[in-house]
Amino acid sequence: MSIITFTNKGIYCPQGKFYIDPWLPVDHAVITHGHADHARRGSKHYLCHKYTEPILRLRIDPALSISTLDYNETIFINGVKLSMFPAGHIVGSAQIRLEYEGYVAVISGDYKTEYDGISTAFEPVRCNEFVTESTFGLPIYNWLPQHELFGGIRDWIANNQLQDKTSVFIAYSLGKAQRLMKGLEGTAKLFVHNSINNLNKAIESNGIVLPQAELVTMETPRTETQNQVVILPPALLGTNLIKKLSSASVAICSGWMQVRGSRRWQAADAGFAVSDHADWSGLLSAIKATGAEKVYVTHGSTATFSKYLNEIGIEAAEVATQYGKEDDEEIGEPKNEEE
Amino acid sequence: MEKFARFIHDLEISNKTNDKIDAIVRYLDVVPEEDKIWLVALFTGKRPKRGINTKLLREWAIEISGIPDWLFAECYHSVGDLGETISLILPKPTHKISKNISTWINELSAISKQSDEAKKEYVLNAWSGLNVQERLIFNKLIGGGFRVGVSHKLLVNAISKHSGIEANKIMHSLMGKWVPADTNYAELINGLDLDTNISQPYPFCLAYPLEQEVGSIGEPEEWQAEWKWDGIRGQIIKRKEELFIWSRGEELITSQFPELEKMVSILPDGCVIDGEILAVEKSQVLSFNSLQKRLNRKNVSKKQQEETPIGFYCYDLLEFNYEDWREKPLGERRSQLEKLISALPENDTVYLSQVIGFKSWEQLATIREGSREMNSEGLMLKKRSSPYSTGRKRGDWWKWKIEPFSIDAVMIYAQKGAGRRSNFYTDYTFAVKDGDKLLSIAKAYSGLTDKEIREVDNFVKRNAIEKFGPVRTVKPELVFEIAFEGIAESGRHKAGIALRFPRIRRWRKDKKADEINTIDDLRNLLNSTRHADRTDKGI
Ligand SMILES: [Zn+2]
Ligand SMILES: [Zn+2]
């Protein structure tokens, strides 16, 4: 038995007649999280976690038809029991649990097993079928624990301040930017680019409290941002806004920064391996915790990772999807790998 | 190790020369004396002998990380560096070992004489007591170098800044055959037992590229024309019966060219000659390709010397009888240089750079057309009345280079790069038309901006047709202008033709794949240049 299939529009539940994170327009779209490769425009109706709703309205259309669920809340769609569990990826990210005649499938979307201080912590969910990501599905990717990671970043900021430099972080506007704000609260005054500010407002409309941050624009006087922390989206890397800042030291925050090759490739002063995705051991522990009989592997090192799962006795297959092809994947990533 | 790891990290993230120099100075400030000598040794290629086989390292890393061999290979391919791959896949450290760099190096040298079991125990213990960055350094100490963009010259400048000793003197001091284990840092850089004054070079005089009409620079008789050679610009100094060769990058390269070192016995004392180091066989200059086989080698074998003999083409005389001649006009310097060279005993190492006679600029332009046949890059024009200036002075010296060859070709294969580019498709193979088929003609990996590389990378990922291991066959769509320095027949290439120094000159986004050159275009080019280049035949 199976209650999900992989179609050219996305992951489909034939019994429930809805799609999960479809990349083409459909009637009923269930959305795991607000990143652009998972939440695409054009569908008639959207179902997502309540924290994701304002994000979709901001990014797609304020007039979207959306219904929402909270974590652990349940609804039935055409006889399929659907509930959402925290994926720990970004604010509002949810694993979609489907149950039909006692058979359970979980579509994880993107996930991260370690608590990042802002996204609701990941919860493993038992199931028969599990759809996992494998963005960092190689054993070279092992993240430092959150406190050590941010310890290193705070040291970097302190060192910049000693040299009268402004610490600029390049991070995606949805997810990583807020995680950095939270992790760097108190080190300096925080400045964010408008695209991040808009998302902050959307996130805060749910009652989530984010650290105080000010807007940085081309008009912001240099003296105001000097020695402080500025967070910008990747599109601004190498632009005039950075040049305008007073002696900026630029750090890229992305899981790909684990490897020196990618760090040096980017024209930045530092690279920190801060990722929204599970690392190698995170992926393995999450998959084992589901007890799934069958694992489907989507974006990332799908071929390698599913081969390895099969070798360690977990039945796995790689699935071609359109995930990981939009601008919400991590910076420095080899994009659109054909595997 | 912590300090060294931090230091290497600082070097890696700094793109500017001054930041790198500061990083070295900061490191020299904080490390004990015995570690400083190792900094100099590691960065000047005086590495300790490789005591542990890297194959063993890989084996042990696979064993303790518990991953299959093929998965390790995947990781290695993605990272592009063995030492780094190992540092990343090892289990988290269980304790912390703090030792000086010199201690590590001494221990490694001691362990290298012991059994494989003893080596394994030592390495595994080290790995379990070091973090990712420190392990990487440790692995690099065993095998492989630090690619942190620190040239000899940069290192010397940093030591100079830290110690206050003049850079050229330090360069001289570091040049000798010192052994790190028995050398004291302070004594080394202070050049005790050395007279560092005698090696002092003069700044090189440089030429501007000629961009205007050649006739506009003046009358032909005011100018001296010479071939512009594509070698290593160098300055030979003989003082107090010692010989020094400086490169334009202000590095002492004497020991790289034993043939030139021998000139110490024939050159007059107290003279300094500016010239070009070239590969020369039977008085004919070989291509830069040949010379390259001799560059950046610590030790040059007899065989290499025989296969690629080196010569020095003299351009100018800067010092004669210990007297600085740079203010004298070129004409006067040149005639003294001619006298000096013709008085030398017969040898096949020192040559006079030929002065090309010409009556009109038109005549010279015709002569210039033949540059490629001489393996020359074009002409040098020097004002006969000019002094030997410091650096570049507009109007006195011009380089009048010939254009490289170029063709338009389409990209057909792509492969990921190594090292810092290991996540991007950066190595491309290009093809020209052969009837309605495509024929691969050259591989190239340089010439695009980072932004363009990303764009091409994206294209490759979207348009890969087939995989052969790491190679992707891509839709033949992107057209590039490929520049190259020469063309030769080749049995090894499918097209029967090999291009010399192919590189991407620009991305021709304006061109379609059917507008590229054909194999016949290349054959015609080959025929027209045949016999011109004797260096590339069937090698
Ligand atoms: Zn995501
Ligand atoms: Zn994703």
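Within every chain, numbering begins at 1; the chains are lettered A, B, ... in the order of the sequence lines, protein sequences first and strands thereafter. These numbers come from a predicted model, not from an experiment.
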If you draw a 6.0 Å radius around CD in A:Glu114, do more than 12 non-hydrogen atoms from other residues or ligands fall strictly inside? yes

Rounded to the nearest 0.5 Å, how far apart are CG of A:Leu138 and OG of B:Ser78? 5.5 Å

Measuring from atom CG of A:Asn142 to atom OG of B:Ser65, what distance do you get when rounded to the nearest 0.5 angstrom? 10.0 Å

As an exercise, state the distance from CD1 of A:Ile140 to OH of B:Tyr76, rounded to the nearest 0.5 Å. 13.0 Å

Decide side-chain contact (heavy atoms from CB on, under 4.5 Å) for A:Thr304 and B:Trp70; before the verdict, give the C-alpha distance in whole Å, the side-chain angles of both, and the deciding distance to 0.1 Å. CA-CA 9 Å; A:Thr304 308; B:Trp70 66 265; 3.5 Å; yes

Show the numbers, then the answer: is there a side-chain contact (heavy atoms from CB on, under 4.5 Å) between B:Cys75 and A:Tyr141? CA-CA 10 Å; B:Cys75 293; A:Tyr141 296 109; over 6 Å; no

Turns out that what part of B:Ile67 lies under 4.5 Å from chain A's heavy atoms comes down to side chain

Within a radius of less than 6.0 Å around NZ of B:Lys153, do more than 12 heavy atoms belonging to other residues, nucleotides or ligands occur? yes

Greater than 12 external heavy atoms within 6.0 Å of B:Lys443's NZ: no

Checking B:Glu84 side chain against A:Arg260 main chain: does a donor-acceptor pair fall under 3.5 Å? yes

Carefully, step by step, assess B:Asp81 and A:Val259 under the rule side-chain contact (heavy atoms from CB on, under 4.5 Å). CA-CA 10 Å; B:Asp81 179 287; A:Val259 175; over 6 Å; no

Does A:Arg154 have more than 12 heavy atoms from other residues, nucleotides or ligands lying within 6.0 Å of its CZ? yes

side-chain contact (heavy atoms from CB on, under 4.5 Å) for A:Tyr308 and B:Glu74? Distances and angles first, verdict last. CA-CA 11 Å; A:Tyr308 180 73; B:Glu74 289 277 339; over 6 Å; no

